[in-house]
There are 2 protein chains.
Amino acid sequence: MPVELRPTQALRLWHDVTLDLVRDGEHDLSARQMAVLLTVYLEMPPHTVRGLAAKLGVTKPAITRALDTMGRLGLVSRHRDAKDRRNVVIQRTVAGALAVERLGDVVIARHKELPL
Amino acid sequence: MPVELRPTQALRLWHDVTLDLVRDGEHDLSARQMAVLLTVYLEMPPHTVRGLAAKLGVTKPAITRALDTMGRLGLVSRHRDAKDRRNVVIQRTVAGALAVERLGDVVIARHKELPL
DNA sequence: CTTAAATAGAACGGGTCCGAAACGATCAGG
DNA sequence: CCTGATCGTTTCGGACCCGTTCTATTTAAG
């Protein structure tokens with residue numbers, strides 16, 4: 001289980017991972033998009049636009065636009081809910097799962113390298 | 001010091017902290033701005049535009065614009081280098097130090113709450 | 001059937017950021 | 001001096017994102 005993390009280590013970890021993400025430039029996701037991506041892949045489905053908007057504390061169009069961009073990148077997909085056709089269900093994709101997995105690898109690697 | 005971090009825990013940590021940052025909305029810093037901020041506050045000075053651009057792997061104007069925004073927010077300050085007046089030295093501010101400190105607190109808190 | 005509520009998306013005006021290119025200021029060498 | 005190199009900034013056209021407002025579709029209630 002994670003032992004205590006000292007302030008210097010916490011900031012160093014955030015710095016190193018952020019730097020890796022910026023350097024690779026592959027994602028280029030905003031903080032909101034990152035929050036949406038991780039919520040979809042970590043929390044229990046189903047995920048709706050309205051639910052995500054409430055969870056992040058932002059407006060619905062912001063979520064719609066985030067999903068537009070992430071859908072264009074192949075990180076998520078949208079489908080109408082058959083039960084209630086007003087709803088749109090956000091689903092995971094192979095590419096999205098891979099991207100999330102890579103992020104996890106970076107965090108773990110940087111965490112392991114933290115100085116004493 | 002830090003014991004191994006499992007993939008689920010690493011992603012949960014990144015998710016929770018990102019969600020906190022989005023919710024508070026206080027910062028609203030892009031990944032690049034975050035990388036600049038943490039680099040300035042964690043790495044040894046002096047910091048120049050060119051040096052940061054090389055470190056992040058982005059163009060100089062991108063750094064200049066990031067510094068414009070962050071200067072407007074009071075997170076960093078710029079001063080001409082007296083030795084070589086072509087250079088601009090990026091310096092820390094009280095507000096910036098506080099923002100970095102708060103980020104560290106969030107990371108530590110979320111890390112402490114990670115499930116087994 | 002009619003009406004009201006709910007959901008996602010589209011339209012709009014404003015703002016920010018991007019990389020490429022050009023610019024001014026400054027330094028170094030001859 | 002002059003010339004060329006270096007450094008940060010500005011400009012430019014284009015792309016993206018923001019919140020507000022409005023619209024279309026669908027469901028639920030009367």
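Naming: A, B, ... by sequence-line order, numbering from 1 per chain.
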Given atom [atom1] of [X] and atom [atom2] of [N], what is their separation to the nearest angstrom?
{"X": "A:Met70", "N": "D:dC16", "atom1": "CE", "atom2": "P", "value": "16 Å"}
{"X": "A:Leu29", "N": "D:dC16", "atom1": "CG", "atom2": "P", "value": "14 Å"}
{"X": "B:Leu73", "N": "C:dT16", "atom1": "CG", "atom2": "C1'", "value": "13 Å"}
{"X": "A:Asp81", "N": "C:dA6", "atom1": "CG", "atom2": "C1'", "value": "14 Å"}
{"X": "A:Leu56", "N": "D:dC18", "atom1": "CG", "atom2": "C1'", "value": "15 Å"}

Touch class at under 4.0 angstrom, heavy-atom based, for A:Ser30 against every strand present: nothing
Salt-bridge contact B:Lys83-B:Asp81 (side-chain N to carboxylate O under 4.0 Å): no
Charged N-O contact under 4.0 Å between A:Asp68 and A:Arg72: no
Footprint string (nucleotides 5-15 of chain D, 5' to 3'): B base within contact, S backbone only, - free, heavy atoms under 4.0 Å: -BSBBB-----
Within 6.0 Å of CZ in A:Arg85, more than 12 heavy atoms from elsewhere: no
Candidates B:His79, B:His47, B:Arg78 - the one meeting side-chain hydrogen bond (donor to acceptor under 3.5 Å, both in side chains) with B:Gln91: B:His79
Reported [atom1]-to-[atom2] distance for the pair [X] and [Y], which is rounded to 0.5 angstrom:
{"X": "B:Tyr41", "Y": "B:Ile90", "atom1": "OH", "atom2": "CD1", "answer": "11.5 Å"}
{"X": "A:Arg23", "Y": "B:Lys55", "atom1": "CZ", "atom2": "NZ", "answer": "6.0 Å"}
{"X": "A:Leu103", "Y": "A:Leu21", "atom1": "CG", "atom2": "CG", "answer": "6.0 Å"}

Side-chain donor/acceptor of B:Arg110 to backbone N/O of B:Trp14, under 3.5 Å: no
A:Thr59 side chain near D:dC18 phosphate (N/O to OP1/OP2, under 4.0 Å): no
Those residues of residues 33-44 of chain B lying under 4.0 Å from DNA chain D by at least one heavy atom: none
